Amino acid sequence: MTSSSSPPSTATAPGVSPAPADRRRWFALAIVMTAAFMDLVDVTIVNIAIPSIQRDTGASFSSIQWITAGYALAFAAGLITGGRLGDIYGRKRLFLIGIAGFTLASALCGFAANPEMLVASRILQGATAAMMVPQVLSIVHATFPAHERGKVFGLFGAIVGLGAVSGPLLGALLTEWNIAGLEWRPIFLINLPVGIAGLILGRKFISESKAPKALRLDMVGVTMVTLALLMLLYPLTRGRELGWPLWGYASMAGSVLVFVALVAFERRKARMDGSPLVELSLFRVKSFAAGIAVQLTFGIGLGIFFLVWTLYMQMGLGWSALRAGTTGIPFSVAVSCAAGISVQKLVPRFGRKVLQAGALIMIAGLLIYIGESERYGMDITSWQMALPLLVMGVGMGLIVAPLADAVLSEVPKEHSGSASGLFNTVQQMGTALGLALVSVVFFGAIGDHLAPQAMGPAYANAFERSLWWVAGVLAVIFLVMFALPARPKQHVEGGGDDLPTEAVGQDSDSGSGPESGSGSGMAVGTGASARTGTEATVGDAVGDATKDRVLTR
């Protein structure tokens with residue numbers, strides 16, 4: 001294996017078979033990418049079927065919120081722990097446990113007898129996804145040599161884009177087809193054959209790897225984070241239906257105290273054994289602290305918009321699931337195209353201004369949407385929605401692709417794994433909070449007892465009100481982005497850990513860089529962003545000024 005002080009080389013040590021000779025790594029890649037795709041689709045596929053679920057099960061507004069928010073909350077709470085478990089017990093093992101649990105939870109969702117069972121099954125689905133998803137890029141990192149990872153990350157970005165585009169459309173088709181009279185249930189049951197195949201093939205083709213210096217689990221930290229989020233989100237979700245009782249306000253105030261206690265505990269744990277759930281020293285990096293704030297508020301905005309948008313089209317305008325699903329195609333295509341141009345062409349030249357322009361463009365799209373909704377009312381068509389959706393999609397694409405790079409660029413490389421895991425966790429938390437706020441910004445504007453003829457206009461008015469909230473969130477994001485670095489730095493993979501892995505499934509000693517070290521280097525459950533990369537060999541004055549391989553993300 002080449003040492004870190006030598007010029008980068010794709011050659012392997014004498015007597016060791018080069019990684020390209022073993023084609024199993026490409027089968028392993030297909031398996032983990034399929035699992036990532038399954039998770040992405042599951043996030044986006046559910047929104048489009050929500051109205052059908054409500055009609056079939058009689059779910060309340062709060063149950064609708066928890067069907068989506070429960071998944072995001074469980075996923076967020078378990079992401080970092082899932083990565084740590086993979087580091088300690090083996091990424092292949094945790095991946096297989098995760099995909100098995102995800103498949104089982106999908107079956108429970110598909111056969112749910114009532115809204116309560118569906119919500120519980122969705123929470124289980126999110127928890128098992130949190131075991132499966134963090135292993136994906138860790139397995140890739142441990143399986144592929146450094147000179148091939150650029151190509152792999154490119155494929156990964158394409159999978160994310162495909163998942164974002166195909167999820168709503170697939171959900172609409174499965175719901176409309178009403179296969180065997182199952183209505184919305186096939187959107188979950190479709191995971192069963194995919195999950196079973198992934199489990200069988202994963203056992204055969206994925207090789208085991210572990211982190212050489214895995215951190216200990218911080219279950220107290222996980223418990224405190226989960227408790228604080230539940231104390232905040234549950235009253236927000238149920239408060240309107242229950243008449244905003246006093247205990248709800250007390251619970252939300254108590255969640256702040258739990259978060260304060262969490263900070264104190266994490267500081268103490270860092271001093272005791274150096275393995276806190278949250279690396280608080282990261283927040284001393286201004287760009288990281290600002291980026292986490294951006295990610296949190298961006299998640300809130302997206303959580304509000306996507307659920308409200310679906311309810312407006314199907315329950316307000318009375319559109320079919322298929323029409324609603326196809327209406328969103330311009331948005332998804334615009335996001336994918338703008339994301340590629342943003343990373344490859346714009347950010348290297350204009351830096352932070354690209355992200356800020358994205359926020360302003362999204363606000364412009366929202367204002368156009370509000371204007372069109374007010375102008376056309378209940379007669380608005382998919383074609384009239386296309387322009388604001390295209391504008392919003394371009395704005396979102398300019399943000400989601402380079403945001404991770406801007407946030408993580410000034411983080412010390414020894415903490416890059418923890419930082420990226422926290423970055424993705426925070427977006428899921430923001431999404432869960434946004435979904436909970438739908439009760440306030442959308443359902444609160446509709447009212448409980450409406451005549452059928454008033455239902456449509458009430459949904460349209462509530463939709464327009466919600467878009468103003470999202471525009472306000474994006475305005476805050478624009479201002480906070482001034483704290484991001486003007487030009488994101490390149491990320492340097494340290495030492496010999498970044499050099500080519502000599503064989504598929506080689507131990508993590510030869511494949512543990514920042515991504516694999518945490519086990520949660522890039523969580524893909526956001527459904528909106530992914531790290532794409534190209535490899536380049538450059539001279540860089542790091543440490544002893546030797547040449548290291550640079551991964552431009």
Side-chain angles (χ1 to χ4, degrees), residues 35 38-78 97-133 167-196 198-199 226 230 233-234 237-238 241 303 306-307 310-311 314-315 320-322 324-325 428 431-432 435-436 438-439 443 525 527:
M38 183 169 64
D39 168 68
L40 281 169
V41 168
D42 199 75
V43 171
T44 56
I45 203 173
V46 172
N47 274 350
I48 207 72
I50 285 291
S52 176
I53 292 172
Q54 186 186 37
R55 287 192 298 269
D56 184 48
T57 64
S60 64
F61 285 150
S62 64
S63 294
I64 287 175
Q65 290 172 268
W66 274 106
I67 289 169
T68 48
Y71 182 99
L73 176 61
F75 188 61
I97 292 173
I99 198 170
F102 190 87
T103 304
L104 174 61
S106 297
L108 293 175
C109 288
F111 294 113
N114 51 55
E116 293 75 21
M117 182 178 175
L118 181 56
V119 169
S121 301
R122 283 286 287 168
I123 292 173
L124 176 62
Q125 212 179 22
T128 52
M131 287 192 285
M132 174 181 71
V133 170
L169 185 58
L170 182 60
L173 289 172
L174 290 174
T175 304
E176 284 289 306
W177 288 340
N178 192 19
I179 301 170
L182 293 174
E183 297 188 355
W184 52 270
R185 299 177 188 274
I187 70 169
F188 297 111
L189 298 179
I190 194 174
N191 290 334
L192 270 61
V194 179
I196 292 170
L199 189 62
T226 306
L230 282 173
L233 299 182
Y234 187 77
T237 305
R238 294 295 311 281
E241 284 186 302
F306 285 114
L307 179 57
T310 298
L311 295 173
Q314 293 191 56
M315 300 181 70
S320 67
L322 184 59
Q428 296 301 317
T431 300
L435 289 165
V438 168
S439 172
F443 292 133

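Keep in mind it's a predicted model, so treat the numbers as computed, not measured.
- With respect to Asn191, the side-chain hydrogen bond (donor to acceptor under 3.5 Å, both in side chains) criterion is satisfied by exactly one of Thr103, Asp42, Asp39: Asp42.
- Nearest heavy-atom pair across Ile45 and Gly171 is CG1-CA, 3.2 Å.
- Residues Phe111 and Arg185 approach most closely at C-NH1, 3.6 Å, considering heavy atoms.
- Closest heavy-atom contact between Gln314 and Ile48: NE2-O, 2.7 Å.
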Should Glu116 and Trp66 be marked as a side-chain contact (heavy atoms from CB on, under 4.5 Å) after you check the CA-CA gap, both sets of side-chain angles, and the distance that decides it? CA-CA 9 Å; Glu116 293 75 21; Trp66 274 106; over 6 Å; no
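- For the pair Ile53 and Ile64, the minimum side-chain heavy-atom distance is 4.5 Å or more.
- Among all heavy-atom pairs drawn from Ala432 and Leu73, the shortest one is CB-N, 4.1 Å.
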May I have the step-by-step check of side-chain contact (heavy atoms from CB on, under 4.5 Å) for Phe61 and Gln54, ending in yes or no? CA-CA 8 Å; Phe61 285 150; Gln54 186 186 37; 3.5 Å; yes
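- In this structure, CG on Asp56 lies 10.5 Å from CG on Leu118, to the nearest 0.5 angstrom.
- Residues Gly78 and Ala130 come closest through the heavy atom pair C-CB, 3.4 Å.
- We find the CD1-CG distance between Ile187 and Leu174 to be 8.0 Å, quoted to the nearest 0.5 Å.
- Under a 3.5 Å cut-off, the side chain of Thr128 and the backbone N or O of Gln125 do form a donor-acceptor pair.
- For the pair Asn178 and Trp184, the minimum side-chain heavy-atom distance is 4.5 Å or more.
- In this structure a side-chain-to-backbone donor-acceptor pair under 3.5 Å is present from Glu176 to Ala321.
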CA sep, side-chain torsions, deciding dist, call: Met38, Ile99, side-chain contact (heavy atoms from CB on, under 4.5 Å): CA-CA 10 Å; Met38 183 169 64; Ile99 198 170; 4.0 Å; yes
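- Heavy atoms of other residues, nucleotides or ligands lying less than 6.0 angstrom from CD1 of Ile190 number 12 at most.
- Residues Asn114 and Thr57 form no side-chain contact, since every pair of their non-hydrogen atoms from C-beta on lies 4.5 Å or further apart.
- Between Phe75 and Tyr71, the two ring planes are parallel [angle under 30°; tilted spans 30° to 60°].
- Looking at Glu183 and Thr175, their side chains never bring a donor and an acceptor atom within 3.5 Å of each other.
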Between Ser439 and Thr237, is a side-chain contact (heavy atoms from CB on, under 4.5 Å) present by the stated rule, with each step listed? CA-CA 6 Å; Ser439 172; Thr237 305; 5.5 Å; no
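- Between Ser106 and Leu189, the closest side-chain pair of non-hydrogen atoms is not below 4.5 Å.
- Between Phe443 and Leu311, the closest side-chain pair of non-hydrogen atoms falls below 4.5 Å.
- The shortest heavy-atom contact between Leu307 and Gln65 is CD2-CG, 4.4 Å.
- With contacts defined as side-chain heavy-atom distances shorter than 4.5 Å, the pair Ile50/Met315 does not qualify.
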